Amino acid sequence: MKNFTAVSDVENLQEIIKKALQIKENPLSDPEKGKGKTIGLVFLNSSLRTRLSSQIAAQNLGLNVLVLNAAQEAWNLEYADGTVMDGNTVEHIKDAIEVLNQYCDIIAVRCFAGMKDKEDDINESILSQFLKHAKVPVVSLESATRHPLQSLADCITITENRKSDKKPKVVLTWAPHIKPIAHAVGNSFAEWMQEMDVDFVITNPEGYDLDKKFTKDTPVIHDQEEALKDADFIYVKNWSSFDEYAAMPEVKESWMLTNEKLAGTNNGKVMHCLPVRRNLELSDEVIDGDHSIIYQQAKNRIFSAQVVFSEILDEIKSGK
Ligand code: CP
């Protein structure tokens, strides 16, 4: 694995899930693997899970870990080429990445959608600069359109919780929100589910369909009750309108998942990537109830990161 920014970077999904579950059995099985190598974790946006799980994963492999909370602690970055930097920006992203190349053997970066310019976000204006200028492997810690480490953790969690060999029904359901939220988690989950042996459907209100580039031929059902019928896994997430990009959402409280709605599922397990706004996106009764596997999902973030860092270290060592 050279870079990790999308499911297309994974050669064999079932194999990598199996390896992640082996790592979960014994996370310290290869504590010297990253000895003498350094990973830089660059956060241009806030994080709890991604920051900590990546750090634990890297330490389990013996990597040196540099964490840069760039938005708070580094210089104000310029992203546009050819700009006369006589305003508030102090360091160009190209220079920052060239310097990271001197210090790091792997660069991991979190760079959310700006939710202002649709083209910029669709084209991954920041991640693409890392991919262009980095001379070492790049790992996405969530970018404008995808959150691959989260999606891999989601696949691991679904695999652990499958009840039988029967193909599970997985429903990605839209949740209410008060702010225009990015599409990365929803897009990414859709892409990864298309690679899993599951029956996958998406349910969201009219006007909130995700970008077809990610959902492809996944059925999109606008009646939530119908979509949830017999579901084995229900993934709850808000995203804003893709068509009316960055518009303030209608809150639509009736879309919040409740125990009453879960009654129509196949004793479905409930997932959410966190953070979650309680009693807006998802009710207390569901988060704290028996259906929830949300914290297991958060724990699996460690093993998704660890298996990815491990694969990248193998590639570095092979000198390819
Ligand atoms: N799920 C997730 O990525 O959490 P953080 O934003 O806290 O990293």
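Atoms within each ligand, like the ligands themselves, are counted from 1 in listed order. Every heavy atom of this structure was used, including side-chain atoms; hydrogens, water molecules and symmetry mates were not. The structure presented is a predicted model; accordingly, all values stated were derived computationally and were not measured.
For ligand 1, the atoms lying closer than 4.0 Å to a non-hydrogen atom of His147 are 2 (C), 3 (O). For ligand 1, the atoms lying closer than 4.0 Å to a non-hydrogen atom of Arg301 are 1 (N), 2 (C), 3 (O). Close approach to Leu48 involves these atoms of ligand 1, each under 4.0 Å from a residue heavy atom: 5 (P), 7 (O), 8 (O). Close contacts between ligand 1 and Gln150 involve ligand atoms 1 (N), 2 (C) [criterion: under 4.0 Å to a heavy atom]. Interface of Cys273 with ligand 1, defined as ligand atoms under 4.0 Å from a residue heavy atom, comprises 1 (N).
Close N/O approach between Phe112 and ligand 1 is not found [any backbone or side-chain N/O within under 3.5 Å]. Looking at Ser46 next to ligand 1, no N or O pair under 3.5 Å apart turns up. At a 3.5 angstrom cut-off on N or O pairs, Arg49 counts as close to ligand 1.
Closest to atom 6 (O) of ligand 1, if we only count protein heavy atoms, is Arg110 NH1, 2.8 Å.
Between Gln297 and Tyr235, some side-chain heavy-atom pair lies under the 4.5 Å cut-off.
Electrostatic pairing of Glu98 and Lys135 counts as a salt bridge here, judged by a charged N lying under 4.0 Å from a carboxylate O. A salt bridge is absent between Asp232 and Lys169: the closest approach of a Lys/Arg side-chain nitrogen to an acidic carboxylate oxygen does not fall below 4.0 angstrom. No salt bridge links Lys2 with Asp9; every basic N to acidic carboxylate O contact stays at or beyond 4.0 Å. By the 4.0 Å N-to-carboxylate-O rule, Asp121 lies too far from Lys116 to be salt-bridged with it. Between Arg278 and Asp288 there is a salt bridge, since a side-chain N of the basic residue sits under 4.0 Å from a carboxylate O of the acidic one.
For the residue pair Asn300 and Glu160, a side-chain donor N or O sits within less than 3.5 Å of a side-chain acceptor on the partner.
Residue Val185 does not touch ligand 1, judged by heavy-atom distances below 4.0 Å.
Note: Tyr208 and Trp174 have tilted aromatic rings, judged against thresholds of 30 and 60 degrees for the angle between ring planes.
Taking each of Asp154, Leu274, Thr50, Val276 in turn, the one with a heavy atom nearest to atom 1 (N) of ligand 1 proves to be Leu274.
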